[in-house]
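One structure is given here, and the rest of the page talks about it.
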Amino acid sequence: MQKLQRISNRIVYLPPYQETDRPILAAVAGEERTLLIDAGNSSSHAQLFLAQLADLQIKGDFLVLTHWHWDHVFGMNDMPMPIFAFEKTQENVIDMQQLSWEDEFLDQRVKEGIEIPFCADAIKKELGNQREIILPAPAVTFDHRMTINLGGLTAIIEHVGGDHSDDSCVIYIPEEKVLFLGDCLYANLYSEKWNYTIEKTQRLIEQIETYDAETFFLSHHEAPMMKKEFQSMLNTLKNAANLTKQTKGDQAAITAEMSKDLQRELNEFEVETIQFFVNGYEG
Ligand SMILES: [Zn+2]
């Protein structure tokens, strides 16, 4: 079972759980108000988070969604506070209200290519027989950017988009130099081949680099990254994007060039990143 972790006296998070694709959930507590980040992938995920917050006498006043994907929103109905979302996220959540999550419907959508096998499996595992999902429409929507005063602490929520999901938002806490990235840096998984595209990645990274942060949360990474590790991840993405452009998506050439630059064999993340850029390359 995931246990709440504290990174400072104002920020705690519940680590992700890969087995059923649970993302990180976080609470940012100012002197006046507390903002929760993401609703979790089920009622039990949301309840686990709320119970552990209650043990620390933390009560959320608002909740914000990083994007519309199931694992970030299925716990919404258990969250008693007003929910904020980017306009497009709200639209997607409303569209999802029409869907059924029993095996036959999930399997049908996988067959039609609109659901990912990986997500369908995680949904079945996480929900068991509790397939009734109530998705309330978020109470408040914003267009591009929204700032919340938590009392001595600010949360800046900003739309960044990217390949993973075009409604992706980040949450920046300037006083703590913390940036919550949701899934925005991951590849597009809703595609036949998981992929990154050059332009979207470059634009996204350019925007992310404008935030003065030291601690970075990616929703499915076990622990937050410190600046050096995060910068190295961004560098891999930037290099892979540049080399994909230069070589016109020639996987062998990109691999050879990157390995030569780094003077070592590529690690798993680098190999995978190159693969995703090659998948997304359209000459
Ligand atoms: Zn996602």
Side-chain angles (χ1 to χ4, degrees), residues 2 13-26 36-42 45-46 49 63-76 79 83-97 99 101 106 109-110 113-127 133 135 138 157-172 179-197 200-201 203-205 207-208 216-225 230 233-234 237 269 272-273 276 279-280:
Q2 306 92 64
Y13 73 95
L14 194 64
Y17 178 61
Q18 237 185 335
E19 187 73 12
T20 61
D21 212 25
R22 288 183 171 185
I24 276 180
L25 303 179
L36 305 188
I37 299 175
D38 278 337
N41 73 349
S42 63
H45 190 203
F49 183 46
L63 184 141
V64 63
L65 301 173
T66 57
H67 63 302
W68 68 274
H69 289 164
W70 78 277
D71 49 324
H72 301 256
V73 307
F74 272 18
M76 274 170 76
M79 296 293 189
I83 297 179
F84 299 164
F86 180 58
E87 281 171 356
K88 186 78 199 297
T89 305
Q90 188 193 48
E91 281 171 30
N92 288 333
V93 166
I94 290 171
D95 286 347
M96 249 196 300
Q97 291 171 338
L99 302 178
W101 304 95
L106 275 169
R109 292 203 291 277
V110 167
I114 45 181
E115 185 54 89
I116 316 169
F118 161 74
C119 289
D121 290 346
I123 289 169
K124 291 173 188 174
K125 258 190 222 159
E126 174 67 36
L127 301 181
I133 301 296
L135 292 170
I157 307 164
E158 195 160 25
H159 173 240
V160 295
D163 283 304
H164 181 78
S165 187
D166 60 7
D167 65 332
S168 281
C169 294
V170 298
I171 296 97
Y172 175 51
L179 185 64
F180 292 94
L181 292 140
D183 289 355
C184 76
L185 279 169
Y186 300 132
N188 174 8
L189 315 183
Y190 282 87
S191 164
E192 199 178 328
K193 290 177 172 178
W194 293 9
N195 71 80
Y196 284 120
T197 60
K200 277 192 192 167
T201 304
R203 202 173 341 116
L204 176 64
I205 291 177
Q207 190 170 348
I208 287 172
F216 301 85
F217 283 92
L218 277 71
S219 290
H220 296 276
H221 273 56
E222 191 54 38
M225 289 189 202
F230 183 69
M233 180 190 181
L234 292 190
L237 288 164
F269 172 68
E272 184 185 76
T273 300
F276 292 165
N279 291 346

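Heads up: numbering here begins at 1 and tracks the sequence. Whatever order the structure lists ligands and atoms in, that order sets their numbers, starting from 1.
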request  = Mind checking ring-ring contact (aromatic ring centres under 6.0 Å, His included) for Tyr17 and listing every partner two or more places apart, or none if nothing turns up?
outcome  = none
inquiry  = Checking Phe269 now: which residues fulfil ring-ring contact (aromatic ring centres under 6.0 Å, His included) with it, not counting sequence neighbours?
reply    = none
key: pair Cys169-Glu158: side-chain heavy atoms closer than 4.5 Å   = no
note = side chain to side chain contact (heavy atoms under 4.5 Å, CB included) filter on Glu91, not counting sequence neighbours, yields Lys88
request  = Verify the ring-centre separation between His72 and His45: is it less than 6.0 angstrom?
outcome  = no
key: In the protein, N/O/S atoms that are found under 2.8 Å from the Zn ion (ligand 1), waters not counted   = His67 NE2, His69 ND1, His164 NE2, Asp183 OD2
query = Any side-chain donor-acceptor pair under 3.5 Å between His67 and Asp167?
reply = no
